[in-house]
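In what follows, a single structure is set out as C-alpha cells and then discussed.
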Amino acid sequence: EDQVTQSPEALRLQEGESSSLNCSYTVSGLRGLFWYRQDPGKGPEFLFTLYSAGEEKEKERLKATLTKKESFLHITAPKPEDSATYLCAVQAGVRSGSRLTFGEGTQLTVNP
Amino acid sequence: NAGVTQTPKFQVLKTGQSMTLQCAQDMNHEYMSWYRQDPGMGLRLIHYSVGAGITDQGEVPNGYNVSRSTTEDFPLRLLSAAPSQTSVYFCASSFGTSGGTLYEQYFGPGTRLTVT
C-alpha cells in the first residue's frame, strides 16, 4: 500500500525566514510526485510535478526536490501570502490508473 | 476557460436521501477524479475515470456511483446519504500519457456536504 507522510504538520515562520517542508513516501514504482498549495475553503492549486530522483523545479520563492525516498519543498524568504496548507501526493505502480495518494499536508503560517 | 466547475457549493441532506454532485471541465482532459477531504485524513480518492465510458474505483468507493458519458462531465452520485459522508468533495482533471502517468491536476472549488 502506498504511503505518504508529510512533516511537520504545522510550521510557523517569520517573514524572510527560510525553511523546508518534507514529504516522505513508500511506494512501489514511483511515477510522479506532486506538490499542491491549498488555501482555506478552496481546492488544491498545482505547484510542481517531479518524475525522477534528482529532479528539481522552482517557482518564485519555492523549490521542490526529489530523492528516491522523499521530496522537499524549500521556501526561501517567505512572505505572509505564502501562508497555506501544502499537500504532497504520489502516483505509483503500473496499475495505478489515475490514482494519487495524498499526504495530510503541512499548514504553513508566515508572520509579518 | 472556466477550468473545473462544481455544483452545488454547499448542500445539506437528510440521512437516506440521494443526490448528484456535478463536475465539469472545459480543458478536454481525459483523466477525471473525485476526492473527499476530511480533517486528519487528507484527500482520499473515491472514483476516477481515464476517458469517456471508463471508470474505476478508488480508495473509498462505497456509497458512491459515477459515470462518464462525455469527456467534459463526471457526476458523483450519493445513493443513500449517511452522516459518514459529511465531507468536502473535490473533482479534479488532468492530461496524462498513454501509459497513465498524470500531468498536473486541476481541482474544482469543492462541494461542502453535510448529512444530518
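The chains referred to below are lettered A, B, ... by the order of the sequence lines, with proteins before strands, and numbering in each begins at 1.
- Heavy atoms from other residues, nucleotides or ligands lying under 6.0 Å from CD of A:Gln107 number 12 at most.
- Under the 4.5 Å side-chain heavy-atom criterion for Ile, Leu, Val, Met, Phe, Trp and Tyr, A:Leu66 and A:Trp35 are members of the same hydrophobic cluster.
- With a 4.5 Å cut-off on non-hydrogen atoms, B:Tyr106 does not touch chain A at all.
- Of the two parts of A:Tyr51, only the side chain, counted from C-beta on, holds a non-hydrogen atom closer than 4.5 Å to a non-hydrogen atom of chain B.
- Residues B:Leu43 and A:Phe48 do not share a hydrophobic cluster, clusters being chains of Ile/Leu/Val/Met/Phe/Trp/Tyr side chains in contact below 4.5 Å.
- Summarising the local packing, NZ of A:Lys69 is surrounded by 12 or fewer heavy atoms from other residues, nucleotides or ligands at distances under 6.0 Å.
- Heavy atoms of B:Gln37 lying under 4.5 Å from chain A belong exclusively to its side chain.
- Between chain A and the options B:Gly40, B:Gly110, B:Cys91, heavy-atom pairs under 4.5 Å are most frequent for B:Gly40.
- At most 12 non-hydrogen atoms from other residues, nucleotides or ligands lie less than 6.0 angstrom from CZ of A:Arg12.
- Contact count versus chain A (heavy atoms, under 4.5 Å) is highest, among B:Met41, B:Glu59, B:Arg112, B:Gln6, for B:Arg112.
- For chain A, the nearby part of B:Gln57 is the backbone; its heavy atoms alone come within less than 4.5 Å.
- Residues B:Val4 and B:Leu21 do not share a hydrophobic cluster, clusters being chains of Ile/Leu/Val/Met/Phe/Trp/Tyr side chains in contact below 4.5 Å.
- Residue A:Glu45: no heavy atom, backbone or side chain, is found under 4.5 Å from chain B.
- Residue B:Leu78 is grouped with residue B:Ile46 when hydrophobic side chains (ILVMFWY) are merged at heavy-atom distances under 4.5 angstrom, including chains of intermediate members.
- With values rounded to the nearest 0.5 angstrom, B:Tyr35 atom OH is found 4.0 Å from A:Leu100 atom CG.
- No part of B:Arg44 comes within reach of chain A, as not one of its non-hydrogen atoms sits under 4.5 angstrom from that chain.
- The number of heavy-atom neighbours closer than 6.0 Å to CD of A:Glu9, taken from other residues, nucleotides and ligands shown, is 12 or below.
- Top candidate by heavy-atom pairs under 4.5 Å with chain B, chosen from A:Gly41, A:Gly105, A:Gly103, is A:Gly41.
- Of the atoms belonging to A:Leu47, not a single heavy atom falls under 4.5 Å from chain B.
- Placement of A:Phe72 and A:Tyr86 in two distinct hydrophobic clusters is found when ILVMFWY residues are connected by side-chain heavy-atom separations under 4.5 Å, directly or transitively.
- Shortest non-hydrogen contact noted between B:Gln105 and A:Tyr36 is CB-OH, 3.2 Å.
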Step-by-step ring pair (Phe, Tyr, Trp, His ring centres under 6.0 Å) determination, A:Phe46 to B:Phe107: CA-CA 8 Å; A:Phe46 173 80; B:Phe107 281 80; 9.9 Å; no

